[in-house]
Amino acid sequence: MAKFKEKLSGRIFFTLALTSITALAIITLFIFREGVPMLGSVLGSTWAPSRGEFGIIPMVAGTVSVTLGAALIGVPIGICCAIFMAELAPERMRNMFRPAIQLLAGIPSVVYGFWGMMFVVPFIRNYLGGPGLSIVAGSVVLSLMMLPTIISISEVSVLALPRTYKEGALALGMTHWQTIRSVQLPAAKSGIVAAVILGMGRAVGETMAVIMVLGNAVAFPTSVLDPVRTLTTNIGIEMGYATGEHRQALFATGIVLFVIIMALNITAQNLTRKKIKK
């Protein structure tokens, strides 16, 4: 009876895992089937569906600029917060911070977008100039959305290090900060880099929040105060009324986005595996 239950449990878990993989395969096949016919047509620099032009290069530039801006803001904050929680914070403070960070991950993206519209956009407009709806606004909002991923994985990477690393460094006369900077951070580098890449993947795939704060102008940005449109916002804005080649071009945009996010995830997984092997 025990062996039967064990086999039954194994089959149930296998079926559930197979269901997830099957769903991913179906979604992938559907996107590629719809988008491949127009994939070669989306590599231009002009997006004008009414004239049959479907170039997504301006949206690629917008996606890259906003993601890099979010990384420049969010990565230093996230890594410093992870180090503080793993090595410096008292236990009581650590127990307060962790639920707060988890709460950040659970806030709907539309709430981040609304906060950005009400506070970030007016601040940029009043003190930095421009329309306010800009790369800077999107970067600030996305940096907050990246923080839970970066902080959680980076903290786990630091805590997973053998205690002998820290004890040996302290025994050699290093200060606590020197130990963190020269021993623990280099040792946890692969895990921290994986956290950063996964956080950037979250930023690349975000839609609702950036629709609300970017301005959604289909043009190459010349300044961080310019409005832009990302790949995800382009799909979100236009899919509701697109037909024919326009619809296929949006699916082709989805293929490009799919490939970018898969590349980021695979890179993060490879870095994590290297860390485990070491």
| query | From Q102 CD over to I107 CD1, what is the distance, rounded to the nearest 0.5 angstrom? | reply | 12.5 Å
Mind listing the side-chain donor-acceptor pairs of residues 77-92 below 3.5 Å, one per line with the distance, residues two or more places apart or on another chain?
| residue | atom | partner | partner atom | Å |
| --- | --- | --- | --- | --- |
| E87 | OE1 | K166 | NZ | 2.8 |
| E87 | OE1 | H176 | NE2 | 3.3 |
| E87 | OE2 | Q184 | NE2 | 2.9 |
| E91 | OE1 | R94 | NH1 | 2.7 |

| note | Members sharing I26's hydrophobic cluster, built from side-chain contacts under 4.5 Å between Ile, Leu, Val, Met, Phe, Trp and Tyr, are none
| query | How about E206 and S109: do any of their side-chain heavy atoms sit closer than 4.5 Å? | reply | yes
| note | Closest non-hydrogen atoms of G55 and W47, given as atom of the first, atom of the second and distance, are O-CB, 3.4 Å
| Taking every non-hydrogen atom, the tightest pair across S65 and P221 | OG-CG, 4.3 Å
| Side chain of Q248, backbone of L250: donor and acceptor closer than 3.5 Å? | no
| Short side-chain to backbone donor-acceptor contact, S134 and G132, under 3.5 Å | yes
| L39 side chain near F32 side chain, heavy-atom distance below 4.5 Å | no
| task | Using modelled atom types only, decide if a donor and an acceptor are shared between the side chain of S182 and the backbone of T179 within a distance under 3.5 Å. | result | no
| query | Does a side-chain N-to-carboxylate-O contact under 4.0 Å join E238 and R247? | reply | no
| query | For the side chain to side chain contact (heavy atoms under 4.5 Å, CB included) test, which of T207, L257, V204 pairs with L231? | reply | L257
| Heavy-atom side-chain proximity of L133 to L214 below 4.5 angstrom | no
| message | Do L159 and M93 land in one hydrophobic cluster if side-chain heavy atoms of ILVMFWY residues count as linked below 4.5 Å? | response | no
| said: Using modelled atom types and a 3.5 Å cut-off, is there a donor and acceptor pairing between side-chain atoms of T253 and backbone atoms of A249? | reply: yes
| Rounded distance (nearest 0.5 Å) linking atom CE of M59 with atom OG of S45 | 11.0 Å
| Between I211 and F114, is there a shared hydrophobic cluster once you connect ILVMFWY residues whose side-chain heavy atoms come closer than 4.5 Å? | no
| Hey, any chance V256 and I235 share a hydrophobic cluster, counting ILVMFWY side chains that come within less than 4.5 Å of each other, even indirectly? | yes
| Can you check whether T175's main-chain N or O pairs, donor with acceptor, with Q178's side chain at less than 3.5 Å? | yes
| field | CE/M208: more than 12 non-hydrogen atoms of other groups inside 6.0 Å | value | no
| query | Rounded to the nearest 0.5 Å, how far apart are CD of E155 and CD1 of I192? | reply | 11.5 Å
| Sidechain-backbone polar pair: D226 side chain, S223 backbone, donor-acceptor under 3.5 Å | yes
| query | Can you name the closest pair of heavy atoms from A203 and T67 and give their distance? | reply | CB-CG2, 4.3 Å
| field | 4.5 Å side-chain heavy-atom contact, L264 and L198 | value | no
| said: Would you compute the distance between atom OG1 of T46 and atom CD1 of I56 and round it to the nearest 0.5 angstrom? | reply: 13.0 Å
| query | Rounded to the nearest 0.5 Å, what separation is found between the CG atom of L43 and the CE atom of M38? | reply | 10.5 Å
| message | Please find the pair of heavy atoms, one from G191 and one from S157, that lie closest to each other, and give the distance. | response | CA-OG, 3.3 Å
| remark: Taking every heavy atom of L104 against every heavy atom of P148, the minimum-distance pair comes out as CB-CG, 3.6 Å
| request: Measure the spacing between CD1 of I31 and CD1 of I255 and express it to the nearest 0.5 Å. | output: 7.5 Å
| For P122, does its backbone N or O pair with a side-chain atom of N126 as donor and acceptor, under 3.5 Å? | yes
| said: As a test of understanding, state which of L16, T15, T22 forms a side chain to side chain contact (heavy atoms under 4.5 Å, CB included) with L18. | reply: T22
| Ring centroid separation for F251 and F30, is it under 6.0 angstrom? | yes
| query | Which atom pair, heavy atoms only, marks the closest approach of L161 to A187? | reply | CD2-CB, 3.7 Å
| query | Is the side chain of T233 donor-acceptor paired with the backbone N or O of R229 at a distance under 3.5 Å, no angle test? | reply | no
| field | Working for side chain to side chain contact (heavy atoms under 4.5 Å, CB included), residues L225 and V136 | value | CA-CA 6 Å; L225 299 177; V136 175; 4.1 Å; yes
| message | Assigning hydrophobic clusters by single linkage (Ile, Leu, Val, Met, Phe, Trp, Tyr; side-chain heavy-atom cutoff under 4.5 Å), is V213 placed with F123? | response | no
| request: Treating Ile, Leu, Val, Met, Phe, Trp and Tyr as nodes and any side-chain heavy-atom pair under 4.5 angstrom as an edge, say whether V75 and L144 lie in one connected cluster. | output: yes
| field | Residues, nucleotides or ligands: over 12 heavy atoms within 6.0 Å of M118 CE | value | yes
